[in-house]
Amino acid sequence: MNIENAIKKAVKILKNENIKSPKLDSEILMSNVIKKDRYFTILNSKKIINKKNLYKFNELISQRSTGKPIAHLIGKKDFWNFEFQIDKDVLIPRPDTELLIEEVLKIYKHKNKLQVLDIGIGSGCILLSILREKKDFTGVGIDISGKCIDISKINAKKIGVTNRIRFFKSDVDNFNYGKYDLIISNPPYINSLDMKCLERDVVNFEPNIALNGGLDGLTNVRKVIFKSSELIKVGGRLIVEIGFDQKQKVIELFKKEGFYINKVLKDYGNNDRCIIGTKL
Ligand code: GLN
């Protein structure tokens, strides 16, 4: 069978299971199996695919049809300028979170030598991207999940920033190390009731611990803001990713802990996505 026909068959299967982007997904999985990029796959659609690869491809398509995310099937996800190793234990980096990187680079365009803390580092995508872009920044990443710390370490090596980052397996409540110029966090912020309404790919396959923010979604956001007010230098900035309907409540929390609100960032869907504050 050639690439084109294998993909056509796969698209049918994925469509039947209501997978949103069946063609793109099939192309990515095919490219992964034949170890080429997507352009090669598209431009060489008449090439015959060998039996072993066809079997592997069909196997991946069958897993994708259950909703298993592409990032889990290929073990990686592009974020910002880099490729991150991903598995089921970390939240898959979201394009919307790239806006946070863009904003940090804008704010600190002319700044060197900042100390950055990432609370709930996950795959490492936020802090590692910032460190790679700003050669004189140093970072600390914490997470309650040891598995996240392990993946972050692997990604730090891949991205080449190991010598400027330290990791701690810790709950934010018990973390008291250092004072920071910039604190960033994408904590779990979905409220427990909404967890059930998330897309199948997310709710069935991504870690509950990275998504579930308790009854009002703000359990961890509260902790992050409270603790950041102790860990941040005066004049330092705190950037927290939030749910689309949490802006007002989170602004109040920032103010209560002595932060001035600089900006509310919108995501690609025009939802309020990040609050940026400065410690007074
Ligand atoms: N933005 C993520 C989602 O929509 C949630 C991330 C989080 O809870 N921090 O699935």
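Note that ligands are numbered from 1 as they come in the structure, with each ligand's atoms numbered from 1 the same way.
Residue Ala210 approaches ligand 1 through these ligand atoms, each under 4.0 Å from one of its heavy atoms: 7 (C), 8 (O), 9 (N). Numbered from 1 in the order shown, with element, the atoms of ligand 1 that lie under 4.0 Å from a heavy atom of Leu211 read 5 (C), 8 (O), 10 (O). Numbered from 1 in the order shown, with element, the atoms of ligand 1 that lie under 4.0 Å from a heavy atom of Arg94 read 2 (C), 3 (C), 10 (O).
Looking at atom 1 (N) of ligand 1, its nearest protein heavy atom turns out to be Tyr189 OH, 2.9 Å.
For ligand 1, none of its N or O atoms has an N or O atom of Arg273 under 3.5 Å away.
Within a 6.0 Å radius of NZ in Lys77, no more than 12 heavy atoms belonging to other residues, nucleotides or ligands are found. For Tyr268, the OH atom sits in a packed shell: over 12 heavy atoms of surrounding residues, nucleotides or ligands are nearer than 6.0 Å.
Gln246 and Tyr189 share no side-chain donor-acceptor pair at under 3.5 Å. Between the side chains of Glu27 and Thr41, no donor-acceptor pair is found at a separation under 3.5 Å.
Under 4.0 Å from ligand 1, not a single heavy atom of Glu206 appears.
With respect to Ser192, the side chain to side chain donor-acceptor pair (under 3.5 Å) criterion is satisfied by exactly one of Asn212, Asp216, Asn208: Asn212.
The option from Gly217, Gly213, Pro187 that lies nearest to atom 9 (N) of ligand 1, judged by heavy atoms, is Pro187.
A perpendicular orientation is assigned to the rings of Phe137 and Tyr108, their planes being inclined by more than 60° (bins at 30° and 60°).
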